[in-house]
A.B. asks: 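Quick one: structure below, then a few questions.
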Amino acid sequence: MIRVALLLALAIFVYIGFSDYWPHLRQAVASVSPWHRSSDKTSRTEGAPAAQASENPQAKGAVPGVVRWAADSSLIALDCPHGLAGACCEALDGASPGLCGEATSLMGRANWNGVLDKRAAAGYLRFGAQAMPDEPTRRLALSGLAGRDDRGGFVLRRRAADRAWCEESRGCLGDRPSPASPLSDAKLERGADGAGTWVSPSPWVRASLPGRISAVDSVEGGVIVRLYHGYELYTTYGPLQPAPGVRPGAIVKTGSHLGDAPARGALHALAVRVRQAGRLLDPAVFWGMGGTRLSAVTAEDDTTGASTEGVEGAP
C-alpha cells in the first residue's frame with residue numbers, strides 16, 4: 001500500500017507541477033555543463049560575431065546570403081557562410097556591379113601579404129560596403145571584411161587617412177602584389193562588351209597578377225593567353241604574339257612578359273578581360289584597386305575609411 005501511495009503521489013506531482021519545475025532544473029544542469037561553459041567562452045572570443053552568425057544567423061539580424069541595407073541605402077552588410085563562393089559573389093554584384101571583383105582582389109592581396117591565411121577564403125565571411133561620396137550612381141565600394149582563419153578572428157578595415165587596408169593585430173596590406181596595368185604608360189578604354197583595351201607606345205605585355213597560365217589559344221592575329229590567379233579569378237590577354245615559354249601550366253609573376261601587343265597606328269592596343277566566378281568584371285574597378293590612376297572613376301577614388309555602423313552586424 002505504501003508503494004502504491006508513493007507512486008500515486010509522484011504521478012500527481014508530475015501532472016501538476018513538473019512543467020513549472022522543469023525549466024529551472026534544466027537551467028541548473030546547463031550551468032554546470034562543460035558544453036555550456038565552452039559555448040560561453042566561444043561567444044567572447046575575438047572574431048566571434050562571424051562564428052555566432054554561422055550558428056544562429058537570426059541572432060544579430062544576419063541572414064546568410066541576404067544583403068542588409070542601411071535605412072538610407074548608403075551602407076550594406078552581407079554574411080557568406082561558405083566564403084566568397086558563387087552565391088555570395090552574386091549577392092555582392094547584385095548590390096553593386098564589380099563589388100565581388102573588389103572583394104576577390106582584397107582577399108588575394110591579404111593572402112599574398114600574409115595578413116590572412118588561405119583558410120579564410122572558404123570560411124564564414126562578413127562584408128561591408130559603402131556608397132561612393134558625390135557619385136550620382138551610388139556605386140558601392142568595399143569598406144570592411146571580417147571572419148576567421150587558422151590564426152583566429154580578423155577584421156579588415158580601410159583607413160581614412162591613406163585608404164590602406166589594415167587589420168588591428170596583423171598589420172596593413174602592402175602595395176604589392178596588386179593588379180598592374182598590362183602595358184606600361186598605358187591608357188584604358190572600356191569597350192561596350194565589358195572588355196578593357198589598353199593603349200600604349202610599348203608593345204610589351206605583362207601579367208597583371210601572379211598566377212598560372214591555364215590556356216593559350218590560337219586565333220587570327222596571334223594567341224589568347226588566359227591566366228588563373230586563384231579564387232575563381234581569371235585574366236585574358238589578346239590577341240598578342242606570345243613570348244618564349246608562354247605555355248599552359250607555366251607559372252608567372254606580376255610583370256612577367258607574356259608577349260607583344262599588336263600595333264594600332266603609331267601605338268599598340270591590347271584587349272584584356274577579367275572574370276571572377278564566370279562573371280565579367282568592370283576593368284576600371286579592377287585595376288583601380290591596384291593604385292593605377294585611370295581616367296574613369298575607380299574603386300579607390302574618394303573613398304574614406306567609411307564604417308558600416310548603419311547596418312547591424314557589419315564589420
A.B. asks: According to side chain to side chain donor-acceptor pair (under 3.5 Å), who are the partners of Gln241, at least two apart in sequence or on a separate chain?
C.D. replies: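 For Gln241 there are no side chain to side chain donor-acceptor pair (under 3.5 Å) partners, ignoring immediate neighbours.
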A.B. asks: Answer yes if the side chains of Thr235 and Tyr237 hold a donor-acceptor pair under 3.5 Å, and no otherwise.
C.D. replies: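 Yes, a side-chain donor-acceptor pair sits under 3.5 Å.
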A.B. asks: Could you work out, with side-chain contact (heavy atoms from CB on, under 4.5 Å) as the rule, every residue matching Cys88, not counting sequence neighbours?
C.D. replies: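 Testing Cys88 for side-chain contact (heavy atoms from CB on, under 4.5 Å), a comparison that skips the adjacent residues, returns Leu78, Cys80, Leu84, Leu92, Phe127.
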A.B. asks: Scan for salt bridge (Lys or Arg N to Asp or Glu O under 4.0 Å) pairs involving residues 236-251, sequence neighbours excluded, and state none if there are none.
C.D. replies: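 Those involving residues 236-251 do not exist here.
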A.B. asks: With sequence neighbours excluded, tell me which residues meet side chain to side chain donor-acceptor pair (under 3.5 Å) with Arg264.
C.D. replies: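 Arg264 satisfies side chain to side chain donor-acceptor pair (under 3.5 Å) with Glu189 once adjacent residues are dropped.
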A.B. asks: So which heavy atom on Ala129 is nearest to which on Leu140, and how close?
C.D. replies: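 Result for this residue pair: CB-CB, 4.2 Å.
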A.B. asks: Residues two or more places apart in sequence or in another chain: which of them pass salt bridge (Lys or Arg N to Asp or Glu O under 4.0 Å) with Arg170?
C.D. replies: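 Per chain and number, Arg170 pairs via salt bridge (Lys or Arg N to Asp or Glu O under 4.0 Å) with Asp149.
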A.B. asks: For the pair Asp282 (side chain) and Gly98 (backbone), establish whether a donor and an acceptor sit closer than 3.5 Å, ignoring hydrogens and angles.
C.D. replies: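 Looks like no, no N/O pair under 3.5 Å.
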A.B. asks: Would you sort out whether Ile213 and Val246 count as a side chain to side chain contact (heavy atoms under 4.5 Å, CB included), showing the intermediate values?
C.D. replies: CA-CA 8 Å; Ile213 299 177; Val246 172; 3.8 Å; yes
A.B. asks: Quick one: pull up CG in Leu75 and OG in Ser143 and give me the separation to the nearest 0.5 Å.
C.D. replies: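 OG of Ser143 is found 7.0 Å from CG of Leu75.
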A.B. asks: Leu188 versus Pro283: any side-chain heavy-atom pair under 4.5 Å?
C.D. replies: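 Yes; the side chains approach each other to less than 4.5 Å.
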A.B. asks: Counting distance only, does the side-chain N/O of Ser200 pair as donor-acceptor with the main-chain N or O of Ser184 below 3.5 Å?
C.D. replies: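 Present.
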A.B. asks: Partners of Arg279 by salt bridge (Lys or Arg N to Asp or Glu O under 4.0 Å), sequence neighbours excluded?
C.D. replies: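 If we apply the salt bridge (Lys or Arg N to Asp or Glu O under 4.0 Å) test to Arg279, skipping adjacent residues, the hits are Glu90.
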A.B. asks: Could you give the side-chain donor-acceptor pairs of residues 215-227 under 3.5 Å, partners two or more places apart or in another chain?
C.D. replies:
none

A.B. asks: Give the intermediate values and the outcome of side chain to side chain contact (heavy atoms under 4.5 Å, CB included) for residues Trp287 and Ser208.
C.D. replies: CA-CA 9 Å; Trp287 271 283; Ser208 293; 3.3 Å; yes
A.B. asks: Can a donor-acceptor pair be found, under 3.5 Å and without considering hydrogens, that links the side chain of Asp79 to the backbone of Val63?
C.D. replies: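 Not confirmed, Asp79 side chain does not pair with Val63 backbone.
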A.B. asks: Restricting to non-hydrogen atoms, name the atom on Val115 and the atom on Cys172 that form the minimum distance, rounded to 0.1 Å.
C.D. replies: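 Taking every non-hydrogen atom into account, CG2-O, 4.1 Å.
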A.B. asks: Provide the closest heavy-atom pair for Val252 versus Ala207 in the form atom of the first, atom of the second, distance.
C.D. replies: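 Closest pair (atom of Val252, atom of Ala207, distance): CG2-CB, 4.1 Å.
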A.B. asks: Quick check against the 3.5 Å criterion: does Ser181 have a side-chain atom that pairs as donor or acceptor with the backbone of Ala186?
C.D. replies: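 Such a contact is absent between Ser181 side chain and Ala186 backbone.
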A.B. asks: Checking Ala122 now: which residues fulfil side-chain contact (heavy atoms from CB on, under 4.5 Å) with it, not counting sequence neighbours?
C.D. replies: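 side-chain contact (heavy atoms from CB on, under 4.5 Å) check on Ala122 returns nothing, list empty.
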A.B. asks: Which value, rounded to the nearest 0.5 Å, describes the distance between His82 atom NE2 and Tyr124 atom OH?
C.D. replies: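 Reported value, rounded in 0.5 Å steps: 9.5 Å.
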A.B. asks: Keeping the roles fixed (side chain from Glu167, backbone from Val155), state whether a donor-acceptor pair exists under 3.5 Å.
C.D. replies: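 Yes, because the side chain of Glu167 sits within donor-acceptor range (under 3.5 Å) of the backbone of Val155.
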A.B. asks: For Leu145 and Met107, what are the C-alpha separation, side-chain angles and deciding distance, and is it a side chain to side chain contact (heavy atoms under 4.5 Å, CB included)?
C.D. replies: CA-CA 9 Å; Leu145 167 62; Met107 295 201 67; 4.0 Å; yes
A.B. asks: Side chain to side chain contact (heavy atoms under 4.5 Å, CB included) between His257 and Trp204: does it pass, once the steps are laid out?
C.D. replies: CA-CA 7 Å; His257 186 206; Trp204 188 280; 3.2 Å; yes
A.B. asks: Taking side-chain contact (heavy atoms from CB on, under 4.5 Å) as the test, write out the residues that go with Pro203, two or more places apart.
C.D. replies: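 Here the qualifying residues are Asp260, His268.
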A.B. asks: Transitive ILVMFWY cluster of Val199 at side-chain heavy atoms under 4.5 Å: who else is in it?
C.D. replies: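 Leu267, all in the cluster of Val199.
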A.B. asks: Give me the atom names and distance for the closest heavy-atom approach of Leu125 to Gly83.
C.D. replies: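 Answer, listing the atom of Leu125 first, then Gly83: CD1-CA, 3.8 Å.
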A.B. asks: Sub-3.5 Å donor-acceptor pair from the side chain of Trp69 to the main-chain atoms of Ser74, do we have one?
C.D. replies: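 No; judged by distance alone, with no hydrogens or angles, the pair does not exist.
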A.B. asks: Arg151 and Leu116: which non-hydrogen atoms are nearest, and at how many Å?
C.D. replies: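 Smallest heavy-atom distance, with atoms named: NH1-N, 4.4 Å.
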A.B. asks: Report the distance from atom CZ of Arg273 to atom CG of Leu280, rounding to the nearest 0.5 Å.
C.D. replies: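 Going from the CZ atom of Arg273 to the CG atom of Leu280 covers 7.0 Å.
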A.B. asks: If we count only N and O atoms by modelled type, under 3.5 Å, do the side chains of Thr104 and Glu102 hold a donor and an acceptor together?
C.D. replies: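 On atom types as modelled, these side chains do not qualify, holding no pair under 3.5 Å.
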A.B. asks: Partners of Ala87 by side-chain contact (heavy atoms from CB on, under 4.5 Å), sequence neighbours excluded?
C.D. replies: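 Testing Ala87 for side-chain contact (heavy atoms from CB on, under 4.5 Å), a comparison that skips the adjacent residues, returns none.
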A.B. asks: Is any side-chain heavy atom of Val272 closer than 4.5 Å to a side-chain heavy atom of Pro182?
C.D. replies: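 Side-chain contact under 4.5 Å: yes.
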A.B. asks: Would you please name every residue forming a side chain to side chain donor-acceptor pair (under 3.5 Å) with Asp185, sequence neighbours left out?
C.D. replies: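 For Asp185, no residue satisfies side chain to side chain donor-acceptor pair (under 3.5 Å) once neighbours in sequence are set aside.
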A.B. asks: Please confirm whether the backbone N or O of Leu142 pairs with a side-chain atom of Arg158, one donor and one acceptor, at under 3.5 Å?
C.D. replies: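 Yes, Arg158 side chain to Leu142 backbone: donor-acceptor pair under 3.5 Å.
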